[in-house]
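Numbering starts at 1 and runs along the sequence shown.
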Amino acid sequence: MLSHQVCTEDSNCLSNEIRIEDKALFNRYIQSYPYQISDINFTNLFMWRHLYHLRYEIIHDFLCISGYYYGEPFLFPPLTLQVYDPVKLSRALEVLKQRLRTGKAPLKMKFVPEPLLEVFQSLRDHDIEAAPDRDNFDYIYSAEDLSKLQGRRFHSKKNHFNHFKKNTAYEYVPLTPALIDGCMSLTRRLMDDEASPLEKSLLENEEKAIYQALSHMDRLGYTGAAIVIHNQVEAFTLGEKTDNDTLLVHIEKANAEIRGLYQAINTLFCRNECEHITYVNREEDMGFENLRKAKESYHPIKLLEKYDVTIL
């Protein structure tokens with residue numbers, strides 16, 4: 001399991017649970033600075049809030065989010081409104097040290113985007129150690145590449161996609177509340193009985209996160225689509241525009257026994273949603289070899305680096 005800790009008044013976490021009603025507050029901070037990474041996004045924070053036991057407070061004008069990662073307390077980089085004031089940031093970190101440190105252990109921060117490293121390393125009142133977190137780097141793709149699958153690099157992907165279109169009677173439909181049961185049924189059908197205990201735990205928690213996202217689709221405001229075959233959902237995806245040129249894909253599920261279905265849901269979603277989009281962020285691989293291989297097979301144009309930062 002990623003996390004067993006439950007926040008209490010005496011434990012190392014902040015005060016407020018993340019609620020759907022907090023979307024406007026979070027987005028005011030998230031949209032005030034070009035964080036870019038998938039983790040600093042309200043839909044992601046909301047749908048995974050139970051797994052990571054996420055809590056938040058505003059401290060010295062920063063939106064601070066705490067949680068547990070593999071059972072260890074951690075902090076997201078404090079979020080600012082437009083500008084990182086080093087004096088206020090130092091004060092906020094001092095408060096967080098007192099609140100979140102376990103014994104003499106240093107304060108640990110995860111999901112720090114590369115451009116923010118300089119901000120933290122410039123602070124005079126804190127010693128900072130940083131290490132790249134490769135398992136959580138975001139994969140960034142050309143929207144045109146994913147939409148068109150042109151060239152030799154995508155020859156195999158396009159073959160699978162063309163086979164699917166030629167041999168399968170399907171409907172590509174917008175994701176609506178009427179499809180929630182079908183999407184959840186597919187999610188459960190895709191559980192891998194031969195997965196490792198860690199992978200099984202992740203899949204079980206992903207199921208809960210997917211339900212949170214689907215059951216709040218009207219409030220979260222993302223877009224999504226499903227592929228229906230013989231009146232049954234066999235693939236679905238959901239994502240949202242994070243700025244003027246990027247689509248962030250949160251979830252993509254498909255029945256791998258149907259040849260070309262994964263290529264179909266990926267390509268059709270991009271074709272329908274990326275008319276004025278340059279990049280697609282398909283999030284991280286979490287260090288799983290099969291997932292890394294799958295993400296690399298679509299030839300990302302870059303990886304968004306994230307860092308673990310220790311504040312001594």
Side-chain angles (χ1 to χ4, degrees), residues 2 26 29-45 47-48 51-52 54 62-70 72-80 82-84 86 89 93 96 106-123 126-146 153 202 239-252 277-312:
L2 284 184
F26 273 69
Y29 278 85
I30 291 168
Q31 295 168 6
S32 290
Y33 189 91
Y35 294 105
Q36 296 187 308
I37 62 171
S38 60
D39 312 88
I40 302 179
N41 168 272
F42 184 75
T43 298
N44 267 340
L45 292 168
M47 66 190 285
W48 293 102
L51 171 60
Y52 295 107
L54 299 182
F62 290 94
L63 177 59
C64 302
I65 307 165
S66 69
Y68 281 80
Y69 189 84
Y70 287 91
E72 296 294 328
F74 80 98
L75 180 74
F76 279 79
L79 308 184
T80 187
Q82 297 185 340
V83 176
Y84 273 90
L89 181 58
L93 291 177
L96 291 164
L107 185 66
K108 295 181 179 179
M109 194 177 301
K110 291 193 68 67
F111 312 122
V112 178
E114 184 179 24
L116 268 187
L117 276 182
E118 186 176 345
V119 172
F120 290 106
Q121 290 171 337
S122 67
L123 298 176
H126 304 275
D127 292 324
I128 304 293
E129 293 181 356
D133 181 11
R134 173 62 181 84
D135 292 349
N136 282 305
F137 285 8
D138 282 346
Y139 287 75
I140 309 300
Y141 303 85
S142 159
E144 183 177 13
D145 283 348
L146 297 188
R153 293 182 305 158
L202 285 169
E240 63 186 289
K241 296 176 182 177
T242 57
D243 52 37
N244 291 330
D245 65 0
T246 302
L247 176 73
L248 173 61
V249 178
H250 297 298
I251 294 293
E252 182 181 271
I277 292 293
T278 305
Y279 305 108
V280 177
N281 182 333
R282 291 178 57 81
E283 302 190 346
E284 64 286 307
D285 61 43
M286 298 179 290
F288 292 108
E289 185 178 350
N290 59 338
L291 191 54
R292 181 166 298 185
K293 183 177 179 180
K295 289 182 182 288
E296 289 177 344
S297 73
Y298 274 97
H299 305 289
I301 59 174
K302 62 180 175 179
L303 298 178
L304 281 186
E305 297 184 6
K306 306 173 198 174
Y307 287 78
D308 292 338
V309 170
T310 301
I311 302 171
L312 303 173

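The pair Asp39-Lys110 fails the salt-bridge criterion, with no side-chain N (NZ, NE, NH1 or NH2) lying under 4.0 Å from an Asp/Glu carboxylate O.
Remark: Ile37 CD1 to Phe111 CZ distance equals 8.0 Å, nearest 0.5 Å. For the atom pair CD1 (Ile65) and CG (Leu75), the distance works out to 8.5 Å, reported to the nearest 0.5 Å. For the atom pair Glu114 CD and Phe137 CZ, the distance stands at 8.0 Å (nearest 0.5 Å). Atoms OG1 and CG, on Thr278 and Asp245 in that order, are 5.0 Å from each other to the nearest 0.5 Å. Taken from CD in Gln36 to NZ in Lys306, the straight-line distance is 11.5 Å, to the nearest 0.5 Å. The CZ atom of Arg134 sits 5.0 Å away from the CG atom of Asp285 when rounded to the nearest 0.5 Å.
Listed for the Asp138 side chain is a donor-acceptor partner under 3.5 Å among the backbone atoms of Ser38. Under a 3.5 Å cut-off, the side chain of His250 and the backbone N or O of Thr43 do not form any donor-acceptor pair. Of the possible donor and acceptor atoms, none in the side chain of Asn281 sits under 3.5 Å from a partner among the backbone N and O of Thr246. A donor-acceptor pair is defined here as one N or O able to donate and one able to accept, closer than 3.5 Å; no such pair exists between the side chain of Tyr52 and the backbone of Leu45.
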Chi angles and distances behind the side-chain contact (heavy atoms from CB on, under 4.5 Å) call for Ile251, Met47: CA-CA 11 Å; Ile251 294 293; Met47 66 190 285; 3.8 Å; yes

Would Leu116 and Tyr33 count as a side-chain contact (heavy atoms from CB on, under 4.5 Å) here? Give the steps. CA-CA 10 Å; Leu116 268 187; Tyr33 189 91; 3.7 Å; yes

In sequence, state the C-alpha distance, the side-chain angles, and the governing distance for Arg292 and Asp135, and then conclude on side-chain contact (heavy atoms from CB on, under 4.5 Å). CA-CA 9 Å; Arg292 181 166 298 185; Asp135 292 349; 3.0 Å; yes

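Between Tyr307 and Ala130, the closest heavy-atom pair is CD2-CB, 4.5 Å. Closest heavy-atom contact between Leu248 and Thr242: CB-CG2, 3.5 Å. Pairing each heavy atom of Lys241 with each of Leu247, the nearest pair is N-CD1, 4.0 Å. Contact detail for Pro113 and Tyr35: the closest heavy-atom pair is CB-O, 3.9 Å. Summarising the geometry of Arg282 relative to Glu252, their closest heavy-atom pair is NH2-OE2, 3.0 Å, with the distance given to 0.1 Å. Minimum heavy-atom separation, Leu291 to Glu284: CD2-O, 4.1 Å.
By the 6.0 Å contact criterion, CG on Asn244 is open, its count of non-hydrogen atoms from other residues, nucleotides or ligands being 12 or less.
Both tests hold for Lys302 against Tyr279: distance to the six-membered ring centre under 6.0 Å, angle to the ring axis within 45°.
Ring pair Tyr141/Tyr139 is parallel by interplanar angle, where below 30° counts as parallel and above 60° as perpendicular.
Here Phe74 and Phe76 bring their ring centres to under 6.0 angstrom of each other. Annotation: Tyr29 is not in aromatic contact with Phe62 [ring centroid separation under 6.0 Å not met].
For the pair Pro77/Val119, no side-chain contact is recorded, criterion being any heavy-atom separation below 4.5 Å from C-beta on. Taking the side chain as every heavy atom from C-beta outward, Ile311 and Pro106 never approach each other to under 4.5 Å. Within the 4.5 Å cutoff, the side chain of Met109 has heavy atoms near those of the Leu93 side chain.
By the side-chain hydrogen bond (donor to acceptor under 3.5 Å, both in side chains) test, Asn136 is found to be paired with Tyr69, Asp133, residues two or more places apart in sequence or in another chain being considered.
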